[in-house]
2 protein chains.
Amino acid sequence: MSRPAKKAASPRRRPAPYHHGDLRRVLIDAALQLAVEGGPDAVSVREAARRAGVSPGAPFRHFESRDALMLAVAEEAQRRFRTEIAAALADAPQGAPLQRLKRLGLAYLRWAARNPAHFEIISTGRAFDHDRAADLSRDNAEMIAMTEQLLAEAAAKGQLRPGVDLKTAQITGRALVYGLARMNLDRHFPRWGVRPEAVERMAEQAFDLFLDGLVAPA
Amino acid sequence: MSRPAKKAASPRRRPAPYHHGDLRRVLIDAALQLAVEGGPDAVSVREAARRAGVSPGAPFRHFESRDALMLAVAEEAQRRFRTEIAAALADAPQGAPLQRLKRLGLAYLRWAARNPAHFEIISTGRAFDHDRAADLSRDNAEMIAMTEQLLAEAAAKGQLRPGVDLKTAQITGRALVYGLARMNLDRHFPRWGVRPEAVERMAEQAFDLFLDGLVAPA
DNA sequence: ACCTGAACACCGTTCAAGT
DNA sequence: ACCTGAACACCGTTCAAGT
């Protein structure tokens, strides 16, 4: 069920290698799994240790606190997120910046919907408040720069309604995407009469409405 | 510092009334305060009991679990939220539905920014998943109906760009508002170069951009 | 009817001691 | 250098016993 690393060469039952192959890695994976099973709050250092087959104190050789473990988990989740976003943009049409923005938004939403626990760990402010998260910050800065470029490209091509401030458009777009992802995560959609299967279609319409409001009249 | 109810008629020090005046009420207030001090996760039944001057088991006469207490806290917070929203709409111009929508959004955001812990308890899906929250559901349904009416009024007055689907506009608007409130709560704005004092102005520009994209061209 | 206080099974975290 | 296992101070929750 678990214990992905190490082939366990010991012939006795209960191999229990005194020195774990890569405990740090195994703890992060266990924590990710715990988050999937019961949400971020269900991640416990003790349970992760248990699943790694290790004593309760062992994780603290690798993470100074539960928060530090959660930060490592967030960084791993962010890495996967980033990979998926990049893939979605890879096969989006070049030279159509607004189309690409829409793709980006939809990929963002889809990943958030399919990995709610990981998405919550990445995005919720709690825990690792500050800027200890070098990787997280870098990734985020890159995504921000990407949307900035795409909007600038659209503006340069005269595709935007005159008078639209780029930074405002950027943040409005992000708030829309994050809002939709969060509404889904926080189970708001049933109240708004949107069934789970309809969320993605709804999101696409929302993006279209936003982008149509942004573009220059024909 | 605490213990708002009961005047304490006992002449001895440590009044410790065996039967607490309104323990339920006092526990909810203590929990709200704990949330303000350390966020939703910092709310503990034991600490609330301690602040109420009561034994660890006592709260369970009034709430069957921590979740039930949190639900009561959410309902109280929602009540306050609702009151403030209503006040904001009271002095907004009648007959200008889009203006009123903007007011609504700004009031929503301002309350969320000033009461982050309470807002998080109300809006985060975790804990009281289902529809145990009769009051919460009712309040929410009312706010949803309100935005629906305002949009319908705008459409009836020909203020909306033709082809705009009302439900899409409604959900897009909500996602924008919720997204901005959440970005603030989850401390995303610094990454986007928006300083705390600038958030409200930024939000207003975002609303204007959205609403301008919605209105019929002159 | 409401509260106490001890109990149980959990946490996160520390630290001497083992290998 | 890394892990164990006991310990400490916390939780949520239950339950007999008190008033």
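Scope of the values below: all heavy atoms of this structure, side chains included, with no hydrogens, waters or symmetry mates. In the text below, chain A, chain B and the rest are named by the order of the sequence lines, each starting its count at 1.
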Asker: Hey, which of these two, A:R61 or A:P56, hits DNA chain C nearer its 5' end, going by closest nucleotide?
Answerer: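 Nearer the 5' end of the strand: A:P56.
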
Asker: Of all heavy-atom pairs between A:A175 and B:M183, which one has the smallest distance, and what is that distance?
Answerer: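 The answer is CA-SD, 3.7 Å.
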
Asker: Across all strands shown, which nucleotide pairs with C:dC15 by Watson-Crick or G-U wobble geometry, both distances under 3.5 Å?
Answerer: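 Per the H-bond distance test, D:dG5.
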
Asker: Between the protein and nucleotides 10-12 of chain D, are there any N/O to N/O pairs under 3.5 Å, and if so, what are the atom names and distances?
Answerer:
unit_1	atom_1	unit_2	atom_2	d
D:dC11	OP2	B:R50	NH2	2.9
D:dG12	OP1	B:V45	N	2.9
D:dG12	OP2	B:V45	N	3.2
D:dG12	OP2	B:R46	N	3.0
D:dG12	N7	B:R46	NH1	2.6
D:dG12	O6	B:R46	NH1	2.8

Asker: Between B:R79 and B:E75 (salt bridge meaning N to carboxylate O under 4.0 Å), is one present in this structure?
Answerer: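 Looking at B:E75 together with B:R79, the answer is no, because their closest N to O distance does not fall below 4.0 Å.
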
Asker: Does A:R182 come within less than 4.0 Å of B:D186, counting only side-chain N to carboxylate O?
Answerer: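 Here A:R182 pairs with B:D186 in a salt bridge, since their nearest N and O are under 4.0 Å apart.
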
Asker: A:L23 has an atom CG; how far is it from atom P of D:dA1, in whole Å?
Answerer: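 The answer, rounded to whole Å, is 17 Å.
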
Asker: Before giving the answer on salt bridge (charged side-chain N to carboxylate O under 4.0 Å, His left out), spell out for A:K167 and A:E148 the whole-Å C-alpha distance, their side-chain angles and the decisive distance to 0.1 Å.
Answerer: CA-CA 8 Å; A:K167 192 177 176 189; A:E148 209 166 344; over 6 Å; no

Asker: Quick one: B:M70 CE to D:dT13 P, roughly how many Å, whole number?
Answerer: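 The distance from CE of B:M70 to P of D:dT13 comes to 12 Å, rounded to the nearest Å.
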
Asker: Flag yes if more than 12 heavy atoms outside A:Q99 fall under 6.0 Å of its CD atom; otherwise flag no.
Answerer: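 Open: at most 12 neighbouring heavy atoms sit under 6.0 Å from CD of A:Q99.
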
Asker: Is it true that A:H188 and B:Y178 have ring centroids separated by less than 6.0 Å?
Answerer: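 Yes, the ring of A:H188 comes within the 6.0 Å limit of the ring of B:Y178, centre to centre.
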
Asker: Would you mind reading off the distance between B:L27 atom CG and C:dC2 atom P, rounded to a whole angstrom?
Answerer: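 Roughly 13 Å, once rounded to whole Å.
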
